[in-house]
Amino acid sequence: MMTTMLRVILIIVSAGTMTLIIRKIRKAKMQIEDGIFWVLVSMMFVIFSLFPVVADVLAHMLGIYATVNFLFLFMIFLLLMRVFFMTIRISQLETKIKELVQQMALYQLEQEEKNKSQTGRQDTEEDGHGP
């Protein structure tokens with residue numbers, strides 16, 4: 001069973017988190033996809049706070065004695081999942097960056113070769129030996 005103090009703290013922290021995330025999204029300082037996760041987590045904790053029976057039932061279904069322990073375990077699980085998916089996303093972004101750097105290097109090399117060949121033709125034409 002959750003104490004009244006824990007329920008009040010969960011509601012205040014969740015409401016504050018939702019407000020902060022929505023502000024960040026509106027100011028374009030956070031992507032909507034990232035913000036949705038945090039808004040949903042906050043809403044879930046508000047639901048657990050307003051209807052503690054939901055958290056109690058879930059805790060007992062999972063064999064967890066104290067509802068507070070369930071809340072901590074649930075949050076740890078959500079954060080681990082978030083870290084896992086962010087790791088995948090970072091890996092994909094690193095691959096894309098590497099490919100872009102390689103493409104830019106090839107493009108710069110092509111541009112340098114074009115400049116050298118054009119400069120070589122101009123030098124030949126200026127000497128009078130050109131076509």
Side-chain angles (χ1 to χ4, degrees):
M1 190 65 156
M2 282 193 281
T3 64
T4 305
M5 183 60 117
L6 176 62
R7 291 170 61 187
V8 169
I9 290 171
L10 276 175
I11 290 172
I12 291 170
V13 170
S14 296
T17 301
M18 277 193 281
T19 304
L20 178 70
I21 297 302
I22 290 170
R23 281 187 189 168
K24 294 288 184 186
I25 291 172
R26 283 187 180 169
K27 292 181 180 180
K29 292 188 176 185
M30 178 182 277
Q31 292 183 1
I32 293 173
E33 297 84 20
D34 295 328
I36 288 173
F37 170 81
W38 293 109
V39 169
L40 290 176
V41 168
S42 297
M43 289 172 61
M44 210 173 322
F45 279 110
V46 168
I47 290 170
F48 287 157
S49 300
L50 295 176
F51 307 104
V53 175
V54 174
D56 289 337
V57 168
L58 289 172
H60 289 284
M61 282 175 50
L62 294 172
I64 300 171
Y65 178 72
T67 306
V68 174
N69 291 343
F70 164 73
L71 293 174
F72 284 125
L73 183 64
F74 182 70
M75 193 62 196
I76 290 169
F77 173 75
L78 287 177
L79 292 175
L80 284 173
M81 293 302 297
R82 182 72 178 156
V83 168
F84 174 72
F85 287 113
M86 287 184 78
T87 302
I88 291 171
R89 196 159 127 195
I90 288 170
S91 179
Q92 291 170 342
L93 290 172
E94 285 176 345
T95 301
K96 285 182 182 180
I97 289 172
K98 185 175 81 173
E99 290 172 359
L100 286 171
V101 167
Q102 290 171 348
Q103 288 175 358
M104 286 178 62
L106 288 173
Y107 178 76
Q108 286 176 347
L109 181 65
E110 289 173 3
Q111 292 301 315
E112 288 174 6
E113 288 176 357
K114 281 183 183 179
N115 289 340
K116 284 181 184 178
S117 66
Q118 288 175 355
T119 305
R121 275 192 236 145
Q122 288 174 355
D123 290 343
T124 309
E125 290 174 4
E126 288 174 2
D127 291 341
H129 300 299

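These numbers come from the heavy atoms of this one structure, side chains and all, not from hydrogens, waters or symmetry mates. Just so it is clear, the structure is predicted and the values come from calculations on it, not from any experiment.
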Quick one: OG1 on Thr95 to CG on Leu100, what's the gap to the nearest 0.5 Å?
-> 11.0 Å
Side-chain heavy-atom pair Leu10, Arg7 within 4.5 angstrom cut-off = no
Ile32, CD1 atom: more than 12 neighbouring heavy atoms under 6.0 Å = no
Do you know which two heavy atoms are closest between Ser49 and Ile11, and how far apart they sit?
-> CB-CG1, 3.4 Å
Ring pair (Phe, Tyr, Trp, His ring centres under 6.0 Å) involving Phe45 - partner list, sequence neighbours excluded = none
Connected via hydrophobic side-chain network under 4.5 Å: Leu71 and Met43 = yes
Side-chain hydrophobic cluster, 4.5 Å single linkage: members besides Val83 = none
Applying side-chain contact (heavy atoms from CB on, under 4.5 Å), run through Phe74 and Leu58 and close with a yes or a no.
-> CA-CA 10 Å; Phe74 182 70; Leu58 289 172; over 6 Å; no
Met86, CE atom: more than 12 neighbouring heavy atoms under 6.0 Å | no
Spacing of CZ belonging to Phe72 relative to CD1 belonging to Ile76, to within rounding of 0.5 Å | 8.0 Å
Atom pair CD (Gln111) and CD (Glu113), whose distance is rounded to the nearest 0.5 Å = 10.0 Å
Taking the six-membered ring for Trp, are the ring centroids of Phe85 and Phe37 within less than 6.0 Å of each other?
-> no
Are Leu79 and Leu20 grouped together when hydrophobic residues (ILVMFWY) are joined by side-chain heavy atoms under 4.5 angstrom apart?
-> no
Find out if a path of hydrophobic residues (ILVMFWY) with successive side-chain heavy-atom gaps under 4.5 Å connects Val54 to Val13.
-> no
Considering non-hydrogen atoms only, spot the tightest contact between Ile25 and Gly35 and give its length.
-> CD1-CA, 3.8 Å
In this structure, CD of Gln102 is separated from CE of Met104 (nearest 0.5 Å) by 12.0 Å
Does the side chain of Leu80 come within less than 4.5 Å of Phe84's, by heavy atoms?
-> no
Under 4.5 Å between side-chain heavy atoms, hopping through other hydrophobics if needed: is there a path connecting Leu78 to Met18?
-> yes
Ion pair Asp34/Arg82, N-O distance below 4.0 Å | yes
Taking everything shown except Met75 itself, do over 12 heavy atoms lie less than 6.0 Å from its CE?
-> yes
Rounded to the nearest 0.5 Å, how far apart are CD1 of Ile36 and CD of Gln31?
-> 11.0 Å
Side chain to side chain contact (heavy atoms under 4.5 Å, CB included) test vs Phe70 passes for just one of Val57, Asp56, Ile64, namely Ile64
For the pair Ile97 and Glu94, evaluate side-chain contact (heavy atoms from CB on, under 4.5 Å) and give the outcome as yes or no after the intermediate values.
-> CA-CA 5 Å; Ile97 289 172; Glu94 285 176 345; 5.5 Å; no
Could you tell me which non-hydrogen atom of Thr67 sits nearest to which non-hydrogen atom of Ala59, and how far apart they are?
-> CA-CB, 4.2 Å
